[in-house]
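Just below is one structure, and these are the notes that go with it.
Hydrogens, waters and symmetry mates play no part in the numbers below; they use all other heavy atoms, side chains included. In the text below, chain A, chain B and the rest are named by the order of the sequence lines, each starting its count at 1.
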Amino acid sequence: MTSNSLLQITFYMVSLLVLIKPLGWYMARIYEDEPVVLNRLLAPVEKLIYRLSGVNPKQEMRWTDYAIALLIFNLLGTLAVFALQRLQADLPFNPQNLPAVSPDSSFNTAVSFATNTNWQGYSGEVTMSYLTQMLGLTVQNFVSAAAGMATLVALIRGFVRRKADIIGNFWVDLTRSILYILLPLSLILALVLVGQGVVQTFSPHQTVSLIETVSYEQPKLGADGQALKDAGGAPVMETVEVKEQVVAVGPAASQVAIKQLGTNGGGFFNVNSAHPLENPTPLSNFLEMLSILLIPGALCYTFGMMVGDTRQGWAILAAMTLILVALIFVVVPAEQTGNPALAALSVDQSASVSQSGGNMEGKETRFGITNSALWAAATTAASNGSVNSMHDSFTPIGGLVPMWLMQLGEVIYGGVGSGLYGMIMFAIVAVFVSGLMIGRTPEYLGKKIEAYEMKMAAITILIPPLVVLGGTALAVMIDVGKSSVFNPGAHGFSEVLYAFSSAGNNNGSAFGGLSANTPLYNTLLGLAMLFSRYWLAVPVLAIAGSLAAKKIVPTGPGTLPTHTPLFVTLLIGTVLLVGALTFIPALALGPVVEHLQMIGAR
Amino acid sequence: MIKHLKPAVILFVILTVLTGVIYPAVVTGLAHLLFPNQAGGSLITNSEGKSTGSRLIGQPFSNPGHFWGRPSATGPFPYNAGASSGSNLGPTNPALVDAVKARVQALKAADPDNKAPVPVDLITASGSGLDPHISPAAADYQVNRVAKARNMDPQKISDLIDANTESRQWWLLGEPRVNVLTLNLALDAIH
């Protein structure tokens, strides 16, 4: 690793950690309905929204009502996105006259955006009209993120309240998350990104002239639209001369801002944040990358403030950060080392002042190795899933890191809201295991952890591995599943494992070689996303309801403190142990075998 | 269940208007006011008012008198800015090794005297297929070929490279890089 690489990583982590306290403080005030500066501007809007929709903001819900409200709202969103894609050909703001999206792809994308996954089987600029992008996808970017934040806040209230049967009002938590947190941050970020060169326009794609013309061969079509064949049965080819370049544009910046801040990750263009019009400069890259981890990190501080002991939030943040930093220092050197297969071909892969060197296949020059590998770690630690380089072309170990970060359950920062509620489930398991070791009833934040909470926590921890491993096994056992694989050998297995790890943990990033826009993968991955979102969110709300009803146990000499380095270690141990034991056999068949083949071939 | 349906539907419509109509419209309006060129795709316009490219989108070059950019994996032709794509070739895929071999040979054939190893970014496909940049090392590698083809002083060409090189942003972020399109436009402006 170069010294500049170290410096950029340090600058990134320090910038992130510095912002966590102020933003976390602000969000805690929003959720506790304390006055903030934006009230003067937004409070009337908020009141109007409640009045129009008939919501009484003072009326809180039981956990069951909260869960039903969440599910109904997400169902509406899914249906709306599905309908928009199916009808886009007949709707306005479609300057490229794109046709309707296929039913299976529409289902997959609708589920994907409603569950905050943003897995993309389609390619943005040639599939989605501007209307679908804005009215369907951008909206879900906001509301799916806000739904995750609302679920987290409900869980936190479960810890704070005593002998209560209500855990907040879903409509209020949803509205306030969007109005006071996601919208203002997105507006600022979107404008800064446009300043850097991210495109934002309703104009159709722009045609510019090329300096050098290029030509390519394509099969000649007859009058009936079928490829012509010569006497020998071979297709007749014609040469096409290209003198102009059509530059895809659109309202990208507004969507890119929320895709990063809301840990959504769905790109406006096919190659996501590797596209120069989606992420044009190192500064835009830094800000987009910072936005990935910003809210999930800051919510840890919000959590600490709301439970009345900020040390609790810092402890969880410490566990997340330690795992992340350790894995950053695996992926960056792996990519910097480069590809031994190219070393024999008179190729210079060494880092110097005039080139970043390393494994540059699928990476952009302006980001080089450091920012591509750092982004890969950040986007999979959080359940963001946007990419600024092609993970499929990473070295085996470089690709293993993002895959494993997803498999850990998206709790290393994780999704907005969902990352922290997932991590709190691991904390519950950690106090339970330590309770068994010291022979005391486990408690967390003054609440007794009993059989019901343990059952629910176990469900949330076991569902994603079941979905990931079950789905992967199914897909590689059938021929249709295998025919979508692009790269040969162990790497091909990694493509399928990566896809299910991504969908089964609501991340959304991809090993892009896999042709996932098929009825089989659209359906399987769509189901994986549904299961891993709602079969987790509902048990979490059940725990919130059960905890809220309990009294608070005063801390005694037998209480395990949950803000100490010892507990941080226990928490890290729990996360890593579950993640490692579950996935090492599968990882051994994919990236590990490929790594051995790669270094063995030298 | 039914009691939640009404607020769900109305709130969904309101939030759709707020985040799906008002928000992108406000961003578009402000963007065109504050950064009109960037918002429209950073297009470069020549003296006749015709767009000759986007500063941020690379173009295909194979003429020895132009600098060549990163290999592009877009289809059906390279640098198709209407359909961005990477190659997605895995590190152990034989197709990757074959492609790299062919690219090294093409560079060597165009400049037989150059015995230096080829900078890696010049023979690997970019992530977007539209990367407008190459590393300064990749630009330096091509100086002699371009100088010979244009019958120009290599020093003059190196000066042009420097003029089209962007250093790390804030001396820290990203990597130093040369914009191939603006460099070639500058070269063509001389002749």
For [X] and [Y], indicate whether the former's side chain and the latter's backbone hold a donor-acceptor pair under 3.5 Å.
X        : Y        : value
B:Gln169 : A:Leu283 : yes
A:Ser209 : B:Thr52  : no
A:Thr365 : B:His133 : yes
A:Gln245 : B:Gly53  : no

Under a 4.5 Å cutoff for heavy-atom pairs, which residue among [options] has the most contacts with chain A?
options                              : answer
B:Ala95, B:Ala139, B:Ser62, B:Pro132 : B:Ser62
B:Pro78, B:Pro71, B:Ser85, B:Ser54   : B:Ser85
B:His32, B:Lys115, B:Lys6            : B:His32
B:Leu11, B:Asp121, B:Leu5            : B:Leu11
B:Gly86, B:Gly40, B:Ser42, B:Pro119  : B:Pro119
B:Leu96, B:Asn184, B:Val21, B:Asn37  : B:Leu96

Query raised in the report: Step by step, would you call A:Val214 with B:Gln59 a side chain to side chain contact (heavy atoms under 4.5 Å, CB included)?
Result: CA-CA 10 Å; A:Val214 286; B:Gln59 292 193 4; over 6 Å; no
Report task. Classify the ring geometry between A:Phe142 and B:Tyr23 as parallel (under 30°), tilted (30 to 60°) or perpendicular (over 60°). Result ->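 The arrangement is perpendicular - the two ring planes meet at more than 60°.
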Using non-hydrogen atoms and a 4.5 Å limit, figure out which bit of [X] sits close to chain A: side chain, backbone, both or neither.
X       : answer
B:Ala73 : neither
B:Val97 : both
B:Ile14 : side chain

Query raised in the report: Highest number of heavy-atom pairs under 4.5 Å with chain B: which of A:Gln8, A:Gln218, A:Met390?
Result: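 Option with the greatest count: A:Gln8.
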Could you look at [X] and say if it's the side chain, the backbone, both or neither that has a heavy atom under 4.5 Å from chain B?
X        : value
A:Leu174 : side chain
A:Val143 : side chain
A:Leu131 : neither

